[in-house]
Amino acid sequence: MDQPLEGRHRRRLWHAIAERADVPGQDGWAQAVCVACVETLPRLDGAIVALRGDVRAQQVLGASDAWAAQLAETQYTVGEGPGVEAYVTGGPILIPDLGGEQERWPGFVRSAMAVDAAAMFAFPLQVGAIRLGTLELVRRRSGGLSTREVSEAVLLAELATIGLLEEAGEAERAGREFAPRPVTSFRDVNVATGMLAAQLRISLDDAFIRLRAHAFGQGRSVLAVARDVLDRRIRLEELAE
């Protein structure tokens, strides 16, 4: 693709995302990017935009559907998967067959394949040393991305990053906190983690590990377990060991 054509395609894609993000009632830039991913890459079945920080800090800002959102939540629960690795390494993680990665990510692969995810491709959202999160693409059938599809995904990840940075800049200029509306918020996990840490007199990291271990042992998401803790359906003493 020559540079002028590439530039025109980039502008068209940017405007398409911007128009969708500006529709009242929609969930903003990240969600618009996920929709654009599914529309632009026809062999794709799902897309996720996740804002990431440390092991406990994550928000799912965009998901093409509930299935994609569930996969994002699974990665958060088990602490592993293509998105986690792409964020840590700062490079794309291309997995054409999740079934071949069971030793690499045993918890995630088992759960992902149980809901018919077969291939996954994760790209970091970053500009220079600034890394915000990941764009993750999912397919129900195994198979790799073509060179053109990888290039398209890299462009979409770049546009996602630029859009989020612009939103953050607008919030700063307006004197307000940058707080995009997430598709899936893990705020309840943070609250439950703090409660557990205070009662057991352990660190936040240790408390989060206990919540995650309980969730994994029960075959549930850590978010569901955290909500049970907050609603007193699980006593904190049950998580003491």
Side-chain angles (χ1 to χ4, degrees), residues 1-22 26-52 60-65 67-69 71-72 75 81-101 104-105 108 112 117-168 180 183:
M1 181 182 294
D2 60 42
Q3 189 60 37
L5 181 58
E6 182 178 2
R8 289 197 297 272
H9 175 61
R10 176 191 178 94
R11 288 192 294 274
R12 283 197 301 270
L13 194 56
W14 173 272
H15 288 308
I17 295 170
E19 288 174 2
R20 186 177 288 108
D22 289 339
Q26 297 299 309
D27 292 320
W29 188 264
Q31 186 66 17
V33 168
C34 289
V35 174
C37 286
V38 175
E39 292 179 349
T40 303
L41 300 169
R43 297 194 301 156
L44 192 68
D45 295 306
I48 303 157
V49 171
L51 191 68
R52 298 179 180 273
V60 181
L61 297 187
S64 56
D65 57 16
W67 176 68
L71 290 168
Q75 287 188 91
V84 176
E85 191 162 318
Y87 179 76
V88 171
T89 64
I93 303 297
L94 310 179
I95 308 298
D97 181 8
L98 280 172
E101 304 295 336
R104 186 178 186 177
W105 306 309
F108 174 71
M120 196 162 178
F121 313 93
F123 302 83
L125 306 182
Q126 59 187 4
V127 174
I130 301 174
R131 195 174 302 159
L132 302 179
T134 51
L135 170 67
E136 300 156 37
L137 311 177
V138 196
R139 294 177 56 188
R140 295 182 184 273
R141 293 185 178 182
S142 60
L145 298 178
S146 67
T147 300
R148 185 196 67 79
E149 287 171 326
V150 170
S151 297
E152 194 82 0
V154 169
L155 173 58
L156 286 160
E158 181 182 346
L159 295 179
T161 304
I162 294 171
L164 290 173
L165 288 175
E166 287 195 356
E167 286 185 346
V183 172

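This one's a predicted model, so the numbers in the text were calculated from it and none came from an experiment. Computation of the quantities below employed the complete heavy-atom set of this structure, encompassing side-chain atoms and omitting hydrogens, waters and symmetry-equivalent molecules. Quick note: residue numbers are just sequence positions, from 1.
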Quiz item: Any sub-3.5 Å donor-acceptor pair from Arg139's side-chain atoms to Ala118's backbone N or O?
Solution: no
Quiz prompt | Nearest heavy atoms of Ala119 and Gly143, plus distance in Å | solution = CB-O, 3.9 Å
Quiz item: Are there more than 12 heavy atoms of other residues, nucleotides or ligands under 6.0 Å from atom CZ of Arg141?
Solution: no
Quiz prompt | Point-to-point distance, once rounded to the nearest 0.5 Å, from CD of Glu152 to OG1 of Thr147 | solution = 13.0 Å
Quiz item: To the nearest 0.5 Å, what is the distance between CD1 (Ile130) and CG (Leu125)?
Solution: 12.5 Å
Practice problem: Applying salt bridge (charged side-chain N to carboxylate O under 4.0 Å, His left out), name anything that partners Arg52, two or more places apart in sequence or on another chain. | Solution: Glu136
Exercise. List the steps, then state whether side-chain contact (heavy atoms from CB on, under 4.5 Å) holds for Val33 with Leu61.
Key: CA-CA 10 Å; Val33 168; Leu61 297 187; over 6 Å; no
Quiz prompt | Among Thr161, Leu156, Val154, side-chain contact (heavy atoms from CB on, under 4.5 Å) partner for Leu135 | solution = Leu156
Practice problem: Compare all side-chain heavy atoms of Leu71 with those of Gln75 and state whether any distance is below 4.5 angstrom. | Solution: no
Quiz item: Would you say Tyr87 and Ile93 make side-chain contact, with heavy atoms under 4.5 Å?
Solution: no
Quiz item: How many angstroms lie between atom CH2 of Trp14 and atom CG of Leu155, to the nearest 0.5 angstrom?
Solution: 10.5 Å
Self-check item: pair Val60-Leu51: side-chain heavy atoms closer than 4.5 Å
Solution: no
Quiz prompt | Straight-line distance of Leu98 CG to Ser142 OG, nearest 0.5 Å | solution = 9.5 Å
Quiz prompt | Any side-chain heavy-atom pair of Val138 and Trp67 under 4.5 Å | solution = yes
Quiz item: What distance do Leu44 atom CG and Leu137 atom CG have between them, rounded to the nearest 0.5 Å?
Solution: 5.0 Å
Self-check item: Non-hydrogen atoms of Ala157 and Pro124 that approach each other most closely
Solution: CB-O, 4.2 Å
Quiz item: Are any side-chain N or O atoms of Glu149 and backbone N or O atoms of Ser146, one a donor and one an acceptor, separated by less than 3.5 Å?
Solution: yes
Quiz item: In chain order, what residues pass the side chain to side chain donor-acceptor pair (under 3.5 Å) check against Glu166, with sequence neighbours excluded?
Solution: none
Quiz prompt | Heavy-atom pair with the smallest gap, counting every atom of Gly62 and Val183 | solution = CA-CG2, 3.7 Å
Quiz prompt | Arg104: partners by salt bridge (charged side-chain N to carboxylate O under 4.0 Å, His left out), with sequence neighbours left out | solution = Glu85, Glu101
Quiz item: For the atom pair CG (Asp45) and CG (Asp65), what is the distance rounded to the nearest 0.5 Å?
Solution: 8.5 Å
Quiz prompt | Minimum heavy-atom distance between Ala122 and Ala86, given as atom pair plus value | solution = CB-CB, 3.7 Å
Quiz item: Taking all atoms of both residues into account, what is the closest heavy-atom pair of Cys34 and Ala47, and its distance?
Solution: SG-O, 3.6 Å
Self-check item: N/O donor-acceptor pair under 3.5 Å between Trp29 side chain and Leu159 backbone
Solution: yes
